[in-house]
Engineer: 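Attaching a single structure in structure tokens format; questions to follow.
Note on naming: letters A, B, ... go to the chains in the order of the sequence lines (proteins, then strands), and numbering restarts at 1 for each one.
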Amino acid sequence: MEARRRLPCGARCGTLRAAGRGAAVPGTGATGATAGGAATEGRRGMHEASIAAGIIDRLLEHPQLAGRRIRVVRLKVGRLSTVVPENLEFVFGAIAAGTRVEGARLEIEVVPARAVCLACGHAFEIEDPIFLCPACAAGRLRLESGRELSLESVETEDQED
Amino acid sequence: MAQIKVLEKVLGANDKIAADNRRLFGERGIVAVNVMSGPGAGKTSLLERILPRLAARAPVAVIEGDIATTADAERIAAVGVPVVQINTDKLGGACHLEALAIQTALADLPLQGLRWLFVENVGNLVCPAEFDLGETLRVGVLSVTEGEDKPIKYPLLFRQIQLLLLNKVDLLPHLRLDLDRLLENVRRVNAELPVVRCSAATGEGLDEFVAWLERHAAM
């Protein structure tokens with residue numbers, strides 16, 4: 001089965017394992033994959049890389065998309081998510097290389113952060129990082145949107161093979 | 001071109017493993033505490049102080065997440081607590097821990113009878129907040145040397161945590177920190193977040209932290 005180059009999505013566990021009062025002993029080092037990851041090497045420290053890898057995995061594993069080249073990928077990203085759309089686009093292209101997703105365009109819909117005040121019922125959009133009701137200043141809110149991080153739809157090349 | 005609806009959570013795979021971790025913690029009666037902060041806020045120092053106290057009453061273990069080195073795990077091992085170091089330096093997502101890394105690390109820890117599992121996340125105020133590990137409790141650490149504005153610069157993390165440890169308060173007399181403004185910024189992003197003022201250096205506030213843990217573990 002086709003797959004993107006494997007991202008090491010586990011960590012290098014067990015490089016140190018210590019028990020009780022004893023000195024640290026080397027672990028097996030065999031847990032968690034460390035191979036591959038060339039696409040993201042050099043961009044470490046960017047969490048968008050693991051998010052992009054997650055998107056590409058979902059696409060490659062999706063039964064309805066089997067065998068199809070993917071041209072456009074539509075995502076929803078909430079304002080409160082930690083994803084920076086430009087960073088995501090940057091790593092997405094690199095990680096998609098060599099797969100059916102290579103060259104696909106990301107269309108990112110940024111979803112506003114909306115909340116309802118649990119004290120007075122006022123509904124409002126959070127534009128600054130201030131999570132207080134603008135009507136009554138209460139801080140107990142229910143977030144209605146803004147944490148989204150979802151795949152919505154894709155456009156594929158027409159091909160029946 | 002053909003449009004095809006997909007409708008999947010991007011972090012669905014992580015969330016699924018996190019749910020497995022959470023189920024395992026629940027079944028075994030393990031309280032897993034995800035400790036998050038920026039680099040140098042004092043996560044390891046705080047753990048060094050409270051682990052022996054908790055370990056005197058119930059078994060404790062630690063998972064240390066760092067981009068590189070085993071320095072923190074060695075410090076934890078020195079207080080006599082089982083520890084697994086996760087180094088993320090070979091990863092694309094080096095800046096945070098994900099649920100799979102926790103699941104993998106659990107294989108190296110003595111889970112039998114374990115009560116407390118502390119996960120010291122990678123020092124970073126951004127993305128650790130985005131990734132569910134399956135933890136029971138989320139604790140943030142902010143040191144008073146980091147200024148007044150961190151909560152409003154990194155709102156997601158300050159909204160995700162259930163307790164904020166305001167560390168290094170012993171240094172307050174030497175700083176020009178506007179403590180009221182810092183606390184107001186915490187309130188602006190998470191009005192109900194309890195704040196414990198503490199110092200890993202002097203031990204101040206640690207009774208309160210341990211009491212909070214024990215209260216929430218029982219819930």
Side-chain angles (χ1 to χ4, degrees), chain A residues 7-24 27-28 31-32 34 37 39-41 43-47 49-51 53-55 57-59 62 64-65 71-72 75 80-83 91 95 129-132 138-140 149-158, chain B residues 1-14 64-65 67 70 73-74 76-78 80-98 100-101 103-105 107-110 124 126-127 129-131 151-156 159 187-192:
Chain A
L7 248 196
C9 43
R12 212 170 41 159
C13 276
T15 49
L16 178 88
R17 182 175 51 187
R21 199 165 286 279
T28 63
T31 51
T34 55
T40 54
E41 208 58 49
R43 299 189 223 293
R44 56 199 202 181
M46 198 194 276
H47 56 285
S50 47
I51 288 168
I55 295 168
D57 279 344
R58 298 288 82 66
L59 295 172
H62 200 285
Q64 262 184 285
L65 303 177
R71 287 298 175 204
V72 180
L75 300 174
L80 298 175
S81 99
T82 59
V83 171
V91 290
I95 300 173
I130 295 171
F131 294 74
L132 299 174
R140 289 194 62 207
L149 196 49
S150 59
L151 256 173
E152 295 294 312
S153 65
V154 300
E155 288 194 11
T156 61
E157 258 176 16
D158 293 314
Chain B
M1 290 213 282
Q3 177 166 329
I4 299 175
K5 281 206 179 303
V6 186
L7 297 178
E8 286 193 43
K9 289 176 93 175
V10 169
L11 296 180
N14 183 74
E64 279 289 338
I67 292 175
T70 55
E74 286 162 21
I76 297 300
V81 168
V83 58
V84 171
Q85 176 81 51
I86 297 171
N87 281 147
T88 60
D89 64 344
K90 295 281 193 244
L91 296 187
C95 43
H96 60 272
L97 294 177
E98 297 187 17
L100 180 62
Q103 189 175 61
T104 309
D108 281 336
L109 284 171
N124 180 342
V126 186
C127 37
E130 192 86 77
F131 293 84
I152 53 174
K153 286 180 177 171
Y154 304 96
L156 181 62
R159 286 196 60 80
R187 199 186 70 82
R188 285 160 84 190
V189 299
N190 192 346
E192 303 200 303

Engineer: Please look at B/Arg159 and chain A and tell me whether the side chain, the backbone, both or neither of the residue comes under 4.5 angstrom of a heavy atom of that chain.
Structural biologist: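 Just its side chain gets close to chain A.
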Engineer: Under a 4.5 Å heavy-atom cut-off, does chain A meet the side chain of B/Tyr154, its backbone, both or neither?
Structural biologist: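 The answer is neither part of B/Tyr154.
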Engineer: So which residue, A/Leu75, A/Leu65, A/Thr156, ends up with the most heavy-atom pairs under 4.5 Å with chain B?
Structural biologist: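 Option with the top pair count is A/Thr156.
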Engineer: Are A/Ser150 and A/Glu152 close enough that a side-chain donor and a side-chain acceptor fall under 3.5 Å?
Structural biologist: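 Result is yes, a qualifying pair exists.
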Engineer: Considering all heavy atoms of both residues, which atom of B/Val10 and which atom of A/Arg58 are nearest to each other, and what is their separation?
Structural biologist: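 Minimum heavy-atom contact is O-NH1, 4.0 Å.
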Engineer: For the residue pair B/Ile4 and A/Gln64, what are the closest heavy atoms and their distance?
Structural biologist: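 Closest heavy-atom pair between B/Ile4 and A/Gln64: CG2-NE2, 3.7 Å.
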Engineer: What is the minimum heavy-atom distance between B/Gly65 and B/Gln85, and which atoms define it?
Structural biologist: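 Heavy atoms of B/Gly65 and B/Gln85 come nearest at C-NE2, 4.1 Å.
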Engineer: Please state whether the side chain, the backbone, both or neither of B/Glu192 comes within less than 4.5 Å of a heavy atom of chain A.
Structural biologist: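 For B/Glu192, side-chain heavy atoms alone lie under 4.5 Å from chain A.
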Engineer: Whether the B/Glu130 and A/Thr82 side chains hold a donor-acceptor pair (N or O, under 3.5 Å, no angle test) is what I'd like checked.
Structural biologist: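 Yes, side-chain donor-acceptor contact under 3.5 Å.
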Engineer: Who among A/Leu59, A/Ile51, A/Val72, A/Val83 has the most heavy-atom pairs with chain B under 4.5 Å?
Structural biologist: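 Sorted descending by pairs with chain B, the first entry is A/Ile51.
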